[in-house]
**Q** 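Questions regarding the structure given below will be posed in turn.
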Protein chains: 2
Amino acid sequence: MTTRRAITRAATVEEIKRTALTLMREQGSTDLRFADIARAMSMTAPGLYRYFSGRDELVAALVEDAFVELGDALELAVESVDGESAYERLAALCQAYRAWATADPTRFAVVFGLPVAGYVAKDERGKSEAAERAFGYLASPVLGAVAAGEPVLPGQPEVAAAFAAVCDKPPLDRLTPPQAQAMLHAWASLHGFVCLEAFGHLFGLAGPPADALFASLVRAVAGYIGLREPAA
Amino acid sequence: MTTRRAITRAATVEEIKRTALTLMREQGSTDLRFADIARAMSMTAPGLYRYFSGRDELVAALVEDAFVELGDALELAVESVDGESAYERLAALCQAYRAWATADPTRFAVVFGLPVAGYVAKDERGKSEAAERAFGYLASPVLGAVAAGEPVLPGQPEVAAAFAAVCDKPPLDRLTPPQAQAMLHAWASLHGFVCLEAFGHLFGLAGPPADALFASLVRAVAGYIGLREPAA
DNA sequence: TCGCAAGAGTTACGAGCCATAACGCAAACA
DNA sequence: TGTTTGCGTTATGGCTCGTAACTCTTGCGA
């Protein structure tokens with residue numbers, strides 16, 4: 001039963017997280033101070049401890065949220081694609097991933113950068129359900145390509161054999177080694193571009209030129225994992 | 001004239017930087033405390049202000065050093081390649097880049113992650129000579145491929161036109177737009193893999209499997225910027 | 001060789017933050 | 001309406017940063 005107390009409490013939790021992200025965005029760093037958050041909310045710092053036991057727990061919540069949002073964004077992207085084209089789906093996912101990252105680089109940094117300040121991920125990051133869900137979407141165009149009978153990455157069996165062990169665990173467990181290899185290739189390329197852009201290391205490239213470059217990267221990636229761009 | 005005072009001073013500066021990196025590595029975060037550094041050196045915190053005006057200046061020095069070391073590593077890699085093969089040179093550079101990053105993920109994070117704590121790069125990162133040198137090496141296999149008459153990335157002129165403006169400024173100024181495009185593609189892919197690996201997001205992949213996967217990524221990257229692997 | 005200036009490193013201090021503890025107070029529920 | 005639950009406050013101790021004022025050593029120059 002959702003009592004009134006629970007409602008306002010949840011609202012406060014949301015406000016804290018929102019405020020934390022806003023502050024991180026404003027000061028462009030993943031470093032957050034309880035005192036600042038409290039001040040921005042017209043509260044005092046100790047009050048926050050009613051909601052989070054410390055910085056670690058708050059950061060963990062932000063990471064979890066970020067993965068949920070990433071999952072949502074990717075799900076939306078996949079669903080917005082009509083038809084069966086694995087290429088279209090890959091492109092949509094890449095765009096969504098990039099949009100998610102650049103919309104809030106600090107959130108992206110919290111998830112994919114070095115662990116924040118004193119925060120150590122107690123639950124191995126792979127254990128998060130939200131993270132698994134997000135990675136599942138990233139893997140989906142590869143699976144889709146297989147289902148559609150399209151070739152996925154010309155085999156490099158010596159590589160595949162080497163890391164077959166990784167394909168047991170959840171995010172990759174529905175992929176064969178060559179598929180996982182293809183997926184990781186694609187993700188690395190995608191992720192690299194997004195990292196460079198989100199953290200401002202793209203030589204000042206932004207706007208349409210960056211869009212164009214990204215699109216061309218997506219084409220290239222699709223190509224080398226064996227997905228063909230549909231003939232317009 | 002190198003007076004004795006200058007010598008000991010330089011030694012202390014080096015020790016401070018070394019200690020800072022060691023501490024960052026030990027605690028796995030880019031977050032550093034003057035008090036800790038001082039303690040590790042059997043000093044008191046205020047003494048460090050004789051050498052660095054504050055955390056920002058220390059971080060800036062670490063970033064600069066990191067770029068110098070990256071440049072050195074890349075230079076060594078290029079020079080260690082006999083012959084003219086642009087492919088070989090690219091592979092060597094990629095390996096060196098990866099080795100540099102994984103050897104000390106925190107150093108890598110300082111340079112390529114979100115700006116540390118309160119540190120804002122006063123000199124736009126592109127202005128650093130060391131950074132330009134490092135990026136110059138990264139661009140070299142692309143230039144080499146052109147010199148050798150090998151094809152570099154089948155043209156996507158609509159993209160090239162879009163970001164022609166970027167090719168004026170130093171790190172990319174010796175490249176034509178299509179070449180810059182190829183170089184950025186390659187770098188993004190490379191960088192993405194290295195980021196994932198250095199920050200532990202590669203699904204626990206490490207050792208030989210990671211090596212194999214990286215090698216296969218390098219092959220793929222070389223392929224899609226138009227460099228052919230020499231027939232063994 | 002000696003005196004002195006320059007600089008290294010110290011303690012002392014104020015301000016700020018984290019986190020705990022102990023306290024009032026108001027809202028929710030019976 | 002009375003009671004309980006829990007929210008948010010002030011108070012406190014221990015930590016950090018960075019400045020200031022001071023001491024002492026070092027090594028340079030006369």
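Protein chains get the first letters and strands the later ones, always in sequence-line order, with residue 1 at the start of each. Remember, predicted model here, so these are calculated numbers, not experimental data.
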**Q** Just to verify, what does R107(A) make a salt bridge (charged side-chain N to carboxylate O under 4.0 Å, His left out) with, not counting sequence neighbours?
**A** E69(A)
**Q** Whole-Å distance between dC15(D) P and L32(B) CG?
**A**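 L32(B) atom CG is separated from dC15(D) atom P by 19 Å.
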**Q** Closer than 4.0 Å, any side-chain N/O of Y49(A) to the OP1 or OP2 of dC18(C)?
**A**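 No, because none of the side-chain N or O atoms of Y49(A) sits under 4.0 Å from OP1 or OP2 of dC18(C).
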**Q** Report the residues that fulfil side chain to side chain contact (heavy atoms under 4.5 Å, CB included) with T44(B), sequence neighbours left out, ordered by chain and then residue number.
**A**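 Applying side chain to side chain contact (heavy atoms under 4.5 Å, CB included) to T44(B) gives P46(B).
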**Q** If you look only at distance, which donor and acceptor atoms sit under 3.5 Å apart when one is on a side chain in residues 34-43 of chain A and the other is two or more places apart or in another chain?
**A**
unit_1: D36(A); atom_1: OD1; unit_2: R39(A); atom_2: NH2; d: 3.0
unit_1: D36(A); atom_1: OD2; unit_2: R33(A); atom_2: NE; d: 2.9

**Q** Between dA8(C) atom C1' and F52(B) atom CZ, what is the distance in whole Å?
**A** 15 Å
**Q** Below 4.0 angstrom from OP1 or OP2 of dA28(C), is there any side-chain N or O of R4(A)?
**A** yes
**Q** Residues in side-chain hydrogen bond (donor to acceptor under 3.5 Å, both in side chains) with E26(A), at least two apart?
**A**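 Checked E26(A) against side-chain hydrogen bond (donor to acceptor under 3.5 Å, both in side chains); zero matches.
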**Q** Mapping G47(B) and R5(B) to their closest nucleotides on DNA chain C, which lands nearer the 5' end?
**A** R5(B)
**Q** Please state how far atom CG in L23(B) lies from atom P in dT16(D), giving the value in whole angstrom units.
**A** 12 Å
**Q** Between F108(A) and H191(A), is the ring centre distance below 6.0 Å?
**A**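 F108(A) vs H191(A): aromatic centres under 6.0 Å.
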**Q** Using a heavy-atom cut-off of 4.0 Å across all strands, would you classify R33(A) as base, sugar-phosphate, or nothing?
**A**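 Sugar-phosphate contact only - R33(A) comes under 4.0 Å of backbone atoms but never of a base.
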**Q** Pull out every residue in residues 34-44 of chain A that has a heavy atom closer than 4.0 Å to any atom of DNA chain C, ordered by number, or say none.
**A** F34(A), A35(A), D36(A), R39(A)
**Q** Taking for each residue the nucleotide of DNA chain C bearing the nearest heavy atom, is the 5' side occupied by T8(B) or by T8(A)?
**A** T8(B)
**Q** Sequence neighbours excluded, which residues qualify as side-chain hydrogen bond (donor to acceptor under 3.5 Å, both in side chains) partners of W187(A)?
**A** Y97(A)
